[in-house]
Amino acid sequence: MPCASKPCQVLACLMVRRWRRSGRDRWRHEPATTCQEKDSFMQPRKNDVIIIGGGVIGVSVAYYAADLGASVLVIEKNHIGAGSSCGNAGLLVPSHCNPLPTPGVVARGIRYLFNPEGPFYIHFRADLELVRWLWRFYRFCNAKHFYHCVGIFSKMGRESLQLHRQLADLGGHRYQFRQDGMLNLYITDQAFQEAREDVVRVKSCGEHSVILDADEARELEPAAGVRVVGGILNKIDGCIDPLEFVKWLAEKAREKGVRFLVDTEVFWLKTDRRRVSKVVTTRGDFEAGQVVLATGAWLPLLAAELEAKIPIEAAKGYSMTFAKTPGAPQIPLILEEARVAVTPFADALRLAGTLELSGLDLAIGRRRLKAIESETYRYLPKLGGLEIREIWRGLRPCTPDGLPVIGRLRPWSNVFVAGGHATKGMSLGPVTGKYLSQMLAGESIGMLERSLSPNRF
């Protein structure tokens with residue numbers, strides 16, 4: 001909640017000043033460690049902020065917290081950028097303001113359940129938490145909540161795009177930043193008509209969208225085939241190479257004094273009254289003034305250590321990366337009915353899709369991979385002879401109301417949460433880092449604080 005009293009304002013200012021003294025002055029004398037640092041005894045044991053999770057969200061929080069002067073340690077059980085930050089489509093989509101729960105999505109989802117190659121699937125299991133999550137999801141599928149989320153994602157998307165542009169000015173060539181729009185393609189009249197209506201209805205996100213007929217869509221993207229009945233160009237959208245972006249941002253964070261401890265697993269969190277006193281890892285114990293949980297789909301497991309419940313379900317997604325061939329798309333695409341994203345990189349082409357609620361299961365479904373590729377040819381028949389480079393799957397963290405969780409986790413006085421971005425993590429990473437770093441410094445993010453709070457459920 002906003003901090004209205006004078007004492008609170010003074011305390012926030014003192015905290016930022018302390019961060020600047022203890023962080024920047026300390027790093028004036030101590031060399032920053034590399035991302036591959038292996039010796040835990042070389043790491044100072046006390047930090048202003050410890051961030052658990054080295055994906056796009058954790059690294060973004062680290063970057064902006066260090067910018068305020070905090071001494072920051074990031075602990076990652078794999079490598080920086082592992083998990084969903086690695087093989088996703090890399091789309092920056094401020095135009096995509098819709099949450100996962102929308103009016104009518106349940107009916108469409110039920111149809112997909114009977115198609116083993118469909119873009120949506122639920123692996124039903126004896127799990128009461130899954131049942132509760134699905135019930136909550138169903139209750140959020142209404143128009144009132146839809147427009148509430150649209151307003152939030154519109155604001156966050158615009159702010160995050162501005163931050164992405166600022167970061168790109170520093171090093172966008174290092175991670176292939178581009179902002180030349182994204183084209184949604186349709187092969188059925190019904191889906192195209194519904195999309196046109198959405199553009200008109202959701203003006204805050206559709207103000208930069210252009211409706212194209214079939215010929216206009218093929219003129220803009222010659223790879224589109226004869227089945228395409230139309231398209232919608234979202235002119236402000238863009239894309240990046242996701243893993244290269246996270247690795248680059250981690251380098252910039254290290255320049256600000258952030259330290260990264262990789263290949264390190266957090267065992268548990270030691271508590272003292274209503275504070276986390278130590279983070280216990282495979283490389284020893286670490287003390288922190290504040291702790292940030294940014295572990296994506298595994299966030300509920302870590303929150304359970306604090307007897308807290310955060311309703312996040314893991315949604316498995318797949319991608320296939322191919323060598324780029326002549327005739328490949330020139331701009332990012334969304335193949336709407338198939339729910340497949342197509343991202344052209346400098347020397348590669350990536351197809352990404354599906355949303356599979358199957359818990360923390362990382363098994364690869366071969367039929368779904370084949371479905372992504374075969375569906376792509378319906379829209380882009382000129383593609384052929386693609387040489388596979390990589391097959392990837394990852395778990396995207398989804399909340400039942402479709403909004404991320406960003407803020408302090410009650411009743412703990414020094415524990416904060418950042419996660420639950422579903423398919424928007426890469427797009428909203430920078431603004432999430434900005435928001436949470438402000439909260440760590442004792443500042444408020446205004447009206448959004450309540451809507452994004454991890455205590456709202």
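Everything quoted here is computed from the prediction, not taken from an experiment. The basis for the numbers below is simple: all heavy atoms, side chains too, and nothing from hydrogens, waters or symmetry mates.
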Does the [X] side chain pair with the main chain of [Y], one donor and one acceptor, at a distance under 3.5 Å?
X: S319; Y: G87; result: yes
X: Y63; Y: G58; result: no
X: S427; Y: K424; result: no
X: N88; Y: S84; result: yes
X: T399; Y: L403; result: yes
X: E76; Y: G54; result: yes
X: S209; Y: N234; result: no

Can you tell me if R389 has over 12 outside heavy atoms packed within less than 6.0 Å of its CZ?
yes

CZ (F457) with more than 12 external heavy atoms under 6.0 Å:
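Yes, CZ of F457 has more than 12 neighbouring heavy atoms, counting only those of other groups under 6.0 Å.
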
Output all residues satisfying side-chain hydrogen bond (donor to acceptor under 3.5 Å, both in side chains) with T264, sequence neighbours left out; order by chain, then residue number.
R283

Under the side-chain hydrogen bond (donor to acceptor under 3.5 Å, both in side chains) rule, collect the residues that match up with R139, sequence neighbours excluded.
none

With a distance cut-off below 6.0 Å to the six-membered ring centre and an angular limit of 45° from the axis, does K278 pair with W268 as a cation-pi contact?
no

What closest approach, in Å, do P430 and M426 show between heavy atoms, and which atom pair accounts for it?
CD-O, 4.1 Å

Identify the two heavy atoms, one from I236 and one from P94, that lie closest to each other, and give their separation to 0.1 Å.
CD1-CG, 3.6 Å

Under 3.5 Å, is there a donor on one side chain and an acceptor on the other for [X] and [Y]?
X: R274; Y: S413; value: no
X: N78; Y: D263; value: no
X: N47; Y: S71; value: no
X: N414; Y: Q290; value: no
X: T271; Y: R275; value: no
X: H421; Y: T432; value: yes
X: Y379; Y: E337; value: yes

H164-F245 aromatic ring centre distance below 6.0 Å
yes

Salt bridge (Lys or Arg N to Asp or Glu O under 4.0 Å) contacts touching residues 295-312 (sequence neighbours left out)
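Every pair satisfying salt bridge (Lys or Arg N to Asp or Glu O under 4.0 Å) with a residue in residues 295-312: E129-K309.
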
Please list all pairs meeting salt bridge (Lys or Arg N to Asp or Glu O under 4.0 Å) that have one or both residues in residues 313-325, counting only residues at least two apart or in different chains.
R125-E313, K316-E356, K316-D361

Just jot down the ring pair (Phe, Tyr, Trp, His ring centres under 6.0 Å) partners of W412, sequence neighbours excluded, or say none.
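W412 satisfies ring pair (Phe, Tyr, Trp, His ring centres under 6.0 Å) with no other residue.
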
Kindly write out the residues that satisfy ring pair (Phe, Tyr, Trp, His ring centres under 6.0 Å) with W392, not counting sequence neighbours, or none if the list is empty.
none

What orientation do F177 and Y175 show, parallel under 30°, tilted 30 to 60°, or perpendicular over 60°?
perpendicular

Give, for atom CG of L91 and atom CD1 of I334, the distance between the pair rounded to the nearest 0.5 Å.
5.0 Å

Given side-chain contact (heavy atoms from CB on, under 4.5 Å), test L261 with V74 step by step and report yes or no.
CA-CA 6 Å; L261 199 59; V74 177; over 6 Å; no

